[in-house]
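The figures here come from the full heavy-atom set of this structure, side chains too, leaving out hydrogens, waters and symmetry mates.
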Amino acid sequence: MKSPLTFSPMMNCIIIDDEAHAIELLTLHVTQTPFLKLVGSASCTRDALQLLNSESVDLVFLDIQMPEMTGIEFLQVLGGRYRVILTTAFREYAIEGFEHQVVDYLLKPIFFPRFLIAAQRAMELHSATKDNTEEFILVQTGYKGKLVKIKLEDILYIEAKGKYITFNTQEGEPITSQLTLGSIEEKLSGERFMRIHKSFIIALPFIVMIHGNLVQLQSAPLQIPIGQTYREVFMSQMKGKVITNKDREDPERPQDINM
């Protein structure tokens with residue numbers, strides 16, 4: 001078996017913790033782990049969002065007890081787009097953390113052997129994803145045993161309605177499956193897809209306009225709302241693509257963004 005310390009891919013990681021000594025310890029652990037590269041750290045979630053939007057990040061070490069927003073709340077904002085290892089001094093958050101499909105849960109004080117186990121687990125998941133990248137998914141529909149192939153490039157948006165989600169594509173009729181939006185979010189690329197509402201995941205390449213809190217997608221029959229929880233992350237990602245005349249911009253008037 002290949003040694004876990006000889007993985008060829010590298011994982012870019014960040015540390016989010018409001019305690020300086022905790023960041024220092026995790027930084028030391030990262031530097032001792034050959035397949036991890038630290039690209040930044042943040043002491044609050046607001047700075048963390050800026051870091052995530054400016055750096056290519058694969059893995060997040062996330063403290064739970066944070067100012068502004070708890071680590072669990074921040075997990076919801078991240079929407080499954082990154083591998084996450086939770087770090088905390090409190091055992092009682094473990095179950096809730098794993099409900100959000102985190103890679104691992106590290107109790108402080110964090111010693112290097114236990115840290116390495118968590119990092120190796122993240123690396124294995126990362127390597128498996130890299131090796132098995134596919135351009136389609138197979139979704140089970142209401143018919144027992146029937147799997148429907150959906151090309152990722154054809155998906156416009158995915159909508160959750162009650163116990164079901166609907167894939168709306170460029171080709172054919174919408175496809176309905178008894179899945180959760182969270183489960184399918186884990187399978188989709190963060191570069192192409194993004195959750196912008198508790199009930200909607202959209203394909204970013206199909207955005208044609210953003211008007212206030214609504215997104216218009218190419219060929220989509222409806223405008224999709226941007227949820228308050230997801231707005232800051234979404235608009236931060238769109239910010240680099242916006243070109244405006246700042247001298248003529250009215251700060252009191254919401255700006256339309258045409259893509």
Side-chain angles (χ1 to χ4, degrees), residues 1-43 45 48-49 51-66 70-134 137 182-193:
M1 177 181 288
K2 191 175 182 180
S3 167
L5 296 180
T6 60
F7 284 103
S8 54
M10 291 286 290
M11 292 189 78
N12 290 341
C13 65
I14 65 170
I15 299 167
I16 308 172
D17 201 306
D18 62 329
E19 298 178 344
H21 66 87
I23 292 179
E24 290 175 3
L25 179 60
L26 287 174
T27 298
L28 177 62
H29 290 345
V30 169
T31 59
Q32 293 176 317
T33 307
F35 51 84
L36 293 183
K37 178 182 178 182
L38 185 65
V39 296
S41 61
S43 59
T45 53
L49 285 175
L51 192 58
L52 289 167
N53 286 312
S54 63
E55 300 288 345
S56 175
V57 177
D58 303 304
L59 176 63
V60 178
F61 291 94
L62 176 62
D63 184 28
I64 290 182
Q65 296 290 347
M66 297 281 293
T70 69
I72 298 296
E73 291 171 335
F74 194 61
L75 272 174
Q76 297 172 347
V77 173
L78 295 181
R81 291 180 296 126
Y82 306 94
R83 306 286 183 194
V84 176
I85 294 176
L86 290 176
T87 62
T88 181
F90 303 94
R91 293 179 179 274
E92 58 264 31
Y93 295 104
I95 294 177
E96 190 172 3
F98 282 114
E99 285 177 350
H100 290 277
Q101 299 182 316
V102 298
V103 174
D104 209 337
Y105 187 95
L106 297 179
L107 281 172
K108 298 178 179 178
I110 300 168
F111 299 102
F112 183 68
R114 181 64 181 88
F115 173 91
L116 186 58
I117 290 172
Q120 288 175 209
R121 185 172 298 165
M123 187 71 251
E124 289 167 3
L125 291 170
H126 181 66
S127 298
T129 300
K130 292 291 184 181
D131 293 340
N132 296 288
T133 301
E134 297 180 348
I137 54 176
S183 65
I184 198 65
E185 188 176 12
E186 287 290 316
K187 305 294 183 182
L188 300 177
S189 163
E191 295 180 0
R192 184 176 183 85
F193 297 96

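- Put simply, CE on Met66 and CD on Glu19 are 9.5 Å apart, with the number rounded to the nearest 0.5 Å.
- Contact between Ala119 and Thr33 at its shortest, heavy atoms only, is CB-CG2, 4.4 Å.
- Checked by atom type and distance alone, the side chain of Arg114 never pairs as donor or acceptor with a backbone atom of Phe111 at under 3.5 Å.
- Once rounded to the nearest 0.5 Å, the distance linking CG of Asn12 with CG of Leu38 reads 9.5 Å.
- Considering every non-hydrogen atom in both Val39 and Ser56, the closest pair reads CG2-O, 4.4 Å.
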task = Would you check, one step at a time, whether the test side-chain contact (heavy atoms from CB on, under 4.5 Å) holds for Val60 with Ile85?
result = CA-CA 6 Å; Val60 178; Ile85 294 176; over 6 Å; no
task = Output, in order, the C-alpha distance, side-chain angles, deciding distance and verdict of side-chain contact (heavy atoms from CB on, under 4.5 Å) for Met11 and Lys37.
result = CA-CA 6 Å; Met11 292 189 78; Lys37 178 182 178 182; over 6 Å; no
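- Using a 4.5 Å cut-off on side-chain heavy atoms (C-beta onward), Val30 and Cys13 make contact.
- Between the side chain of His29 and the backbone N or O of Ile110 there is at least one donor-acceptor pair closer than 3.5 Å.
- To the nearest 0.5 Å, the span separating CG on Leu26 from CG on Leu28 amounts to 9.5 Å.
- Scanning all heavy atoms of the two residues, the minimum distance from Thr88 to Asp63 falls at CA-OD1, 4.0 Å.
- The two residues Leu51 and Gly40 make their nearest non-hydrogen contact at CD2-C, 3.6 Å.
- Between Asp17 and Lys108 there is a salt bridge, since a side-chain N of the basic residue sits under 4.0 Å from a carboxylate O of the acidic one.
- Here the side chains of Asp58 and Arg83 are not in contact, with every heavy-atom distance at 4.5 Å or above.
- Atom CD of Glu185 sits about 9.5 Å away from atom CG of Leu78, to the nearest 0.5 Å.
- The closest side-chain heavy-atom distance from Ile14 to Leu62 is not below 4.5 Å.
- Here the straight-line distance linking atom OG1 of Thr87 with atom CG of Leu107 works out to 10.0 Å at 0.5 Å rounding.
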ask   = Should Leu49 and Phe74 be marked as a side-chain contact (heavy atoms from CB on, under 4.5 Å) after you check the CA-CA gap, both sets of side-chain angles, and the distance that decides it?
value = CA-CA 10 Å; Leu49 285 175; Phe74 194 61; 3.7 Å; yes
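- The shortest heavy-atom contact between Ala48 and Ala42 is N-CB, 3.6 Å.
- Atom CG in Asp18 sits 8.5 Å away from atom CD in Gln65 (nearest 0.5 Å).
- With hydrogens and angles disregarded, no donor-acceptor distance shorter than 3.5 Å links the side chain of Gln120 to the backbone of Ile117.
- Counting heavy atoms from C-beta outward, Phe61 and Leu36 have side chains that approach closer than 4.5 Å.
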key: Chi angles and distances behind the side-chain contact (heavy atoms from CB on, under 4.5 Å) call for Leu52, Tyr82   = CA-CA 10 Å; Leu52 289 167; Tyr82 306 94; 3.8 Å; yes
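- Between Arg121 and Asp104, the shortest heavy-atom distance links the atoms NH1-OD2, 3.0 Å.
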